[in-house]
Amino acid sequence: MRASQFHLFTLKEAPSDAEVVSQKLMLRAGMIRKVAAGIYNYMPMGLRSIRKVEAIIRDELDRAGAMELVMPLVQPAELWQETGRWDKMGPEMLRIKDRHDRDFAMQPTSEEVVTDIARQELKSYRQLPKNFYQIQTKFRDERRPRFGVMRGREFVMKDGYSFDRDVEAAGRSYDAMYAAYGRIFDRIGLAYRAVAADTGAIGGDRSHEFQVIADTGEDAIVYCPDSDYAANIELAEALPLIATRGTPTSALEKTPTPGKATCADVADLLGIALHTTVKSLVLATDEADDNGKIIKSTVWLLLVRGDHDLNEVKAGKIEGLKNGFRFATEAEIIEHFGCKPGYLGPIGLRKPVRIVADRTVANMADFVCGANAEDFHYTGVNWARDLPEPDLVADLRNVIEGDPSPDRKGVLAIQRGIEVGHVFYLGNKYSKSMNATFLDIDGKPKHFEMGCYGIGVTRIVGAAIEQNHDDKGIIWPAAIAPFEVVICGVGWGKSELVRDEAGKLYEALRKAGIDVILDDRDERPGVMFADWELIGVPHRVTVGDRGLKEGVVEYQERRIGEQLKFAPADVVAHVVGRLRG
RNA sequence: CGGGGAAUAGCUCAGCCUGGUAGAGCACUGCGUUCGGGACGCAGGGGCCGGAGGUUCGAAUCCUCUUUCCCCGACCA
């Protein structure tokens with residue numbers, strides 16, 4: 001490719017609405033252009049990286065025995081109604097009507113359609129296992145699209161689905177995909193971690209996320225440096241920090257804490273450690289009648305230590321909160337606690353509430369909590385002595401750095417991550433609701449055991465940039481760079497020698513199978529260098545009269561920056577060695 | 001969805017308060033001088049000032065409505 005024929009268009013300044021570095025750099029490098037909120041053109045420069053990611057995915061999935069197909073972007077409501085997701089999905093699924101007023105959805109994912117394929121095509125256990133995948137545009141009408149390609153509404157995703165005859169075989173399919181994902185991310189060249197993830201309504205332990213490590217990631221990932229434990233913070237188990245409850249040593253005392261409504265403020269005022277305080281969170285659950293009218297509400301008090309945060313995913317697993325909960329209204333709080341938020345606690349309730357204590361809180365002694373009276377806290381609080389034992393003890397909190405690892409092999413560390421892949425065992429949820437069966441060896445129909453496997457193709461491109469950039473621009477891993485090498489012809493317009501030599505190198509690299517672009521724009525060197533550093537091409541060869549006079553061309557690796565001199569005859573071998581060696 | 005903000009050239013922004021011929025830098029076109037780290041000069045092209053309504057002799061500017069975009073938003077008791 002010659003730069004003079006390519007659409008190269010870089011910006012010195014990013015549009016003011018760009019937030020994160022990947023978005024700014026992709027816009028500045030001319031990879032994407034915004035069309036609407038969360039919706040982008042993938043410009044030629046950007047598409048090259050996207051295609052490279054796709055090629056690696058295809059190669060590894062095909063090798064792992066999966067096969068590619070394409071399902072429609074626009075899917076009939078009927079299929080979604082079969083599984084009940086037409087009603088469940090909420091506004092993030094974009095619904096459209098055709099000219100006959102029939103309902104359709106823009107696919108956010110394709111379980112329904114692929115299960116429909118399976119029930120029509122797969123009749124016998126002898127046809128199993130099968131693994132179908134597609135690389136397709138998805139649409140999710142995010143509440144707040146942001147971060148460019150990282151959380152867009154329209155994006156490209158690889159979604160795959162496996163069909164097996166039983167749970168054991170489905171496990172093998174899962175393992176094969178897990179392994180393939182590892183190979184895919186290894187080849188792409190990103191630092192990543194596979195972590196155990198929440199399985200939601202399906203249950204079981206077969207769910208892993210592949211997280212690209214980046215400080216700007218939206219997810220917190222927890223791992224143990226001394227073992228192979230790794231999990232999303234939503235799932236990571238918090239062990240009790242206090243093995244057994246201590247004996248009370250302080251008397252219960254109602255202490256004035258005027259205007260101190262947070263645990264940190266109270267600890268400051270009283271000169272005590274934050275971890276001796278207990279935080280009260282008030283939730284509510286509603287029971288509705290058949291018409292959806294709320295007939296009864298229950299108020300819950302969740303207690304976590306003052307230095308800990310509630311984990312809502314964990315809270316949602318508690319019996320009674322499983323079907324959804326909300327934070328209580330101020331009116332409900334006053335009705336049950338007789339006090340405004342800020343000074344709430346489990347002692348002296350006006351009306352009964354369900355009290356759930358975090359495992360650590362349940363073993364605390366002499367702790368501090370709100371007194372259910374404005375501007376007062378209790379100190380020296382002890383279970384059993386000052387208040388009844390909690391109704392329930394559960395793991396309620398997010399783990400924090402330094403907590404013991406659940407495998408008891410060390411302490412936990414936390415990093416931020418960007419979720420770029422997810423493998424998930426589905427079981428027969430969809431095959432049952434859509435009645436997708438095959439005939440097993442005994443001649444009886446059985447529901448398929450399914451798994452689903454996603455990779456965010458466009459998000460990988462953004463994540464790669466979040467992880468690999470400097471103040472000059474992008475630093476691509478070579479495997480997904482829009483070009484592997486750029487040849488900059490300095491003084492292109494005036495030097496035939498430069499044109500000849502650069503042209504020869506260009507042909508030689510092409511013949512060697514290298515994805516090379518020749519910058520023949522006759523730009524000033526500063527412009528060329530700045531452009532290619534912004535775009536992030538990993539290898540650069542500079543051909544100019546100055547070097548050619550000494551019989552050399554210059555070579556520079558984007559990530560390293562140091563300039564090396566080579567005889568033109570040697571530089572091709574060196575570049576090929578760096579890229580393919 | 002709730003709260004805040006913004007909308008003027010392809011991009012970044014000024015002008016608005018105090019109404020009177022629409023501006024700058026970057027980008028783009030032409031010519032010239034330059035030419036190894038985002039050059040300089042001269043001359044240009046490009047705007048229904050997001051849209052609709054109103055006030056006014058006159059509206060980018062004041063008022064109302066509307067659309068779009070951006071930010072913040074469980075809780076942290």
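Letters A, B, ... are given to chains in the order of the sequence lines, protein chains preceding strands, and every chain is numbered from 1. Everything numeric in this text was worked out from a predicted model, so none of it was measured.
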> For a salt bridge (Lys or Arg N to Asp or Glu O under 4.0 Å) check, start with the C-alpha distance between D215(A) and R416(A), then their side-chain angles and the critical distance, and finish with the verdict.
CA-CA 5 Å; D215(A) 293 338; R416(A) 305 299 298 182; over 6 Å; no

> Does G491(A) reach a base, just sugar-phosphate, or nothing at all? Heavy atoms under 4.0 Å.
nothing

> Taking atom C1' in both A9(B) and C65(B), compute the distance separating them and give it to the nearest angstrom.
28 Å

> Where along residues 391-399 of chain A does a heavy atom come under 4.0 Å from RNA chain B, residue by residue in number order?
none

> Work out which heavy atom in Q211(A) is nearest to a heavy atom in G417(A); give both atom names and the distance.
OE1-C, 3.1 Å

> Partner lookup for C62(B), please. Criteria are Watson-Crick or G-U wobble with both distances under 3.5 angstrom; report none if nothing qualifies.
G54(B)

> Using the ring of each side chain (for Trp, its six-membered ring), is F566(A) parallel, tilted or perpendicular to H574(A), with breaks at 30° and 60°?
tilted

> Taking NE2 from H7(A) and P from C28(B), how many angstroms apart are they, rounded to a whole number?
12 Å

> By nearest atom, which of the nucleotides G38(B), U12(B), C69(B) is closest to the P15(A) side chain?
U12(B)

> Using a cut-off of 4.0 Å on non-hydrogen atoms, how would the nucleic acid contact of P525(A) be classed: base, sugar-phosphate, or nothing?
sugar-phosphate

> Rounding to an integer number of Å, can you tell me how far M528(A) CE sits from C35(B) P?
15 Å

> Hey, does K340(A) reach any base, or is it just sugar-phosphate, or nothing, if we go heavy atoms under 4.0 Å?
nothing

> Are side-chain heavy atoms of C369(A) and P346(A) found at a separation under 4.5 Å?
yes

> Quick one: is A6(B) close enough that its OP1 or OP2 comes under 4.0 Å of any side-chain N or O from S16(A)?
no

> Across all strands, who's sitting opposite G19(B) as a Watson-Crick or G-U wobble pair, both distances under 3.5 Å?
none

> Which base, if any, makes a Watson-Crick or G-U wobble pair with G47(B), both distances under 3.5 Å?
none

> W300(A) CH2 to A74(B) C1': how many Å, rounded?
18 Å

> Would you classify C488(A) as touching base, sugar-phosphate or nothing, given that sugar-phosphate means primed atoms plus P, OP1 and OP2, and contacts are heavy atoms under 4.0 Å?
nothing

> Looking at L241(A) and T360(A), what are the two nearest heavy atoms and their distance?
N-OG1, 3.0 Å

> Measure the shortest side-chain to side-chain distance between R48(A) and F6(A) over non-hydrogen atoms and say whether it is less than 4.5 angstrom.
yes

> Hey, does the side-chain of R540(A) have a donor or acceptor N/O within less than 3.5 Å of a partner on the base of G37(B)?
yes

> What is the pairing partner of A77(B), taking Watson-Crick or G-U wobble pairs with both distances under 3.5 Å in any strand?
none

> Take the protein atom CZ of R28(A) and the nucleotide atom P of G38(B), then report the distance between them rounded to whole Å.
15 Å

> Could you please name the option among A77(B), C69(B), G38(B) that lies closest to any side-chain atom of I333(A)?
A77(B)

> Take F147(A) and G370(A), find for each the nucleotide of RNA chain B with the closest heavy atom, and name the residue whose nucleotide sits nearer the 5' end.
F147(A)

> Using atom P in both nucleotides, what's the gap between G51(B) and A60(B) to the nearest angstrom?
11 Å

> Would you say K279(A) reaches C75(B)'s phosphate, i.e. side-chain N/O to OP1/OP2 under 4.0 Å?
no

> So which nucleotide from A27(B), C35(B), C75(B) ends up closest to the side chain of K494(A)?
C35(B)

> Are any side-chain N or O atoms of R558(A) and backbone N or O atoms of E533(A), one a donor and one an acceptor, separated by less than 3.5 Å?
yes

> Round to the nearest Å and state the distance from M43(A) atom CE to C11(B) atom P.
13 Å

> Is R540(A) positioned over the aromatic face of F529(A), cation under 6.0 angstrom from the ring centre and no more than 45 degrees off axis?
yes

> With R397(A), which residues qualify under side-chain hydrogen bond (donor to acceptor under 3.5 Å, both in side chains), at least two apart?
H308(A), D403(A)

> Can you tell me the Watson-Crick or wobble partner of C26(B), both distances under 3.5 angstrom?
G10(B)

> Which one, G37(B), G38(B), A27(B), comes nearest to the side chain of D531(A)?
G38(B)

> With respect to the side chain of E13(A), which nucleotide from G25(B), C69(B), C76(B) is positioned closest?
G25(B)

> For C49(B) and G2(B), measure between their P atoms and round to the nearest Å.
31 Å

> Could you tell me whether F9(A) contacts a base, only the sugar-phosphate backbone, or nothing, with contacts defined as non-hydrogen atoms closer than 4.0 Å?
sugar-phosphate

> Can you check the L8(A) CG to C28(B) C1' distance for me, whole Å?
16 Å

> Nearest whole Å is fine: how far is A74(B) C1' from L281(A) CG?
10 Å

> My understanding is that a pair needs two contacts under 3.5 Å, Watson-Crick or G-U wobble. By that rule, which nucleotide pairs with C40(B)?
G32(B)

> Does one side chain, of E253(A) or T379(A), offer a donor that lies under 3.5 Å from an acceptor on the other?
no

> OP1 or OP2 of A39(B) sitting under 4.0 Å from any side-chain N/O of R524(A)?
yes

> Which listed nucleotide (C69(B), G37(B), C35(B)) is nearest to the side chain of D17(A)?
C69(B)

> Any base atoms under 4.0 Å from E312(A), or only sugar-phosphate, or nothing? Heavy atoms, all strands.
base

> Output the single nucleotide from C69(B), G37(B), A77(B) whose closest atom is nearest the side chain of E533(A).
G37(B)

> Taking the nucleotide of RNA chain B with the nearest heavy atom to each, does A530(A) or R146(A) sit closer to the 5' end?
A530(A)

> Just checking G493(A): base, sugar-phosphate only, or nothing, at a heavy-atom cut-off of under 4.0 Å?
nothing

> Check every strand shown and say whether K34(A) touches a base, only sugar-phosphate, or nothing at a heavy-atom separation below 4.0 Å.
sugar-phosphate

> Rounded off to whole Å, could you give me the CD-to-P distance for the Q556(A) and G37(B) pair?
13 Å

> Searching all strands shown, indicate the nucleotide that pairs with C69(B) (Watson-Crick or G-U wobble; both distances under 3.5 Å).
G5(B)

